[in-house]
Amino acid sequence: MPFNLPIFLTWLRILAIPLLALLFHWPFAALSVQERNLIATVLFVGAALTDWLDGYLARKWNQVSSFGAFLDPVADKLVVAAALLMLLKEQRVDTLVALIIIGREITISALREWMAQIGATRAVAVNMLGKIKTVAQMVAIPLLLYQAPIGALNVMWLGTLLIWIAAVLTVISMLYYLRKAWPAIAECTGSG
């Protein structure tokens, strides 16, 4: 297993998960609800930034590895799932939204794994729709974690709108990936 700064940053993202969960499960008498929300928001935003940074550094320093390529998306999905579960616990996100987003991530990860095994990874390569979904999701989650209005901006309203947009795009992108993969699936399984 290689170890370099990009992989270290990916591990930091994974380590942020228990900290995020601890913030919402441990009774911190010294922290107000808003202080807890702010710390959770900073943790999530920091994790999102390390996602960009580790990929950038790995490419720039030519430290791309198969282990890093495996660990990076796993870390991303774990952080998003943990944040959604904490938001669900706090009743800031709808159960259906959390199920759609987490369910899609599991489905597409499994699909990509299977497509890699049959040598058809190009059929499920990341596309622009998936990237737009990710942006909506990565803006919505910090807003929902923060919760408090910022000036005249109703953070919860905007976060809720964006997470629903992300959920709709999640379904559309999942259907897109499944449709793109179907010929390879049909060929491999003999159905069609």
Side-chain angles (χ1 to χ4, degrees), residues 10 13-14 16-18 20-21 24 40-41 43-52 54-55 66-146 156-189 191-192:
T10 303
R13 261 198 329 281
I14 293 171
I17 296 166
L20 187 64
F24 289 99
T41 303
L43 268 173
F44 186 85
V45 170
L49 291 175
T50 64
D51 178 30
W52 171 82
D54 68 23
S66 57
F67 180 72
F70 156 76
L71 190 61
D72 183 67
V74 169
D76 299 343
K77 288 163 184 45
L78 288 173
V79 169
V80 167
L84 286 171
L85 291 173
M86 295 306 102
L87 290 169
L88 188 59
K89 176 190 178 296
E90 297 293 311
Q91 299 178 343
R92 297 182 202 172
V93 71
D94 191 89
T95 304
L96 183 60
V97 168
L99 285 172
I100 287 170
I101 293 173
I102 294 170
R104 181 261 191 204
E105 295 304 337
I106 293 168
T107 302
I108 297 305
S109 292
L111 179 64
R112 284 190 173 128
E113 176 69 26
W114 190 50
M115 297 304 277
Q117 287 180 5
I118 64 171
T121 55
R122 298 193 84 200
V124 287
V126 176
N127 73 350
M128 186 54 70
L129 187 59
K131 290 180 181 184
I132 294 168
K133 180 269 310 177
T134 299
V135 168
Q137 181 177 284
M138 298 308 262
V139 173
I141 291 173
L143 292 173
L144 294 169
L145 286 169
Y146 188 71
M156 284 301 293
W157 178 85
L158 182 57
T160 301
L161 174 66
L162 287 172
I163 204 69
W164 274 102
I165 289 170
V168 169
L169 292 174
T170 292
V171 171
I172 294 168
S173 70
M174 182 176 70
L175 294 173
Y176 170 82
Y177 287 126
L178 290 170
R179 185 176 58 81
K180 291 283 285 182
W182 185 252
I185 293 169
E187 182 180 318
C188 183
T189 61
S191 61

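For reference, positions follow the sequence shown, starting with 1. Because only heavy atoms are used, hydrogens play no part in the values below, and waters and symmetry mates are left out as well, while side chains stay in.
The shortest distance between side-chain heavy atoms of Met156 and Leu143 does not fall below 4.5 Å. Considering only heavy atoms from C-beta on, Leu169 stays 4.5 Å or farther from Tyr176 through its side chain. For the pair Val80 and Glu105, the minimum side-chain heavy-atom distance is 4.5 Å or more. At a threshold of 4.5 Å between non-hydrogen side-chain atoms, the residues Trp157 and Leu161 count as touching. The closest side-chain heavy-atom distance from Leu78 to Arg13 is not below 4.5 Å. Residues Ile132 and Ile165 have side chains not in contact (no heavy-atom distance under 4.5 Å, counting atoms from C-beta outward). Annotation: side chain of Thr160 is not in contact with side chain of Val97 (no heavy-atom distance under 4.5 Å). Side-chain contact check for Leu178 versus Met174: some heavy-atom pair is nearer than 4.5 Å.
Scanning for side chain to side chain donor-acceptor pair (under 3.5 Å) contacts around Thr10 gives Asp54, with sequence neighbours left out.
Partner of Leu87 under the side-chain contact (heavy atoms from CB on, under 4.5 Å) criterion, chosen from Ile141, Asp94, Ile163: Ile141.
Other residues, nucleotides and ligands contribute more than 12 heavy atoms inside 6.0 Å of the NZ atom of Lys89. Residue Gln117 places its CD atom among more than 12 non-hydrogen atoms of other residues, nucleotides or ligands, all under 6.0 Å distant.
Here Asp76 contributes atom CG and Gln137 contributes atom CD; the two are 10.0 Å apart, rounded to the nearest 0.5 Å. Between Phe24 atom CZ and Leu85 atom CG the span is 11.5 Å, to the nearest 0.5 Å. With rounding to the nearest 0.5 angstrom, the CG atom of Leu144 is 11.5 Å from the CD atom of Glu90.
Smallest separation of non-hydrogen atoms from Thr41 and Tyr146: OG1-N, 3.1 Å. Counting all heavy atoms, side chain and backbone alike, Ala184 lies closest to Met115 at CB-CE, 3.4 Å. Across all their heavy atoms, Ala47 and Val79 have their closest contact at CB-CG1, 4.1 Å. Taking both residues in full, the closest heavy atoms of Ile100 and Ala167 are given as CG2-O, 3.6 Å, listed atom of the first, atom of the second, then distance. Smallest separation of non-hydrogen atoms from Leu20 and Ala40: CD1-CB, 3.7 Å. The nearest pair of heavy atoms linking Lys133 to Ala166 is CG-O, 3.5 Å.
A cation-pi arrangement is absent between Arg104 and Tyr177, since the terminal nitrogen or guanidinium carbon is not both under 6.0 Å from the aromatic centre and inside a 45° cone about the axis.
The main-chain N or O of Ile106 is never found under 3.5 Å from a side-chain atom of Ser109 such that the two would form a donor-acceptor pair.
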(request) Evaluate the side chain to side chain contact (heavy atoms under 4.5 Å, CB included) criterion for residues Leu71 and Ile14: first the C-alpha distance (whole Å), next the side-chain angles of each, then the deciding distance (0.1 Å), finally the verdict. (result) CA-CA 9 Å; Leu71 190 61; Ile14 293 171; 3.7 Å; yes

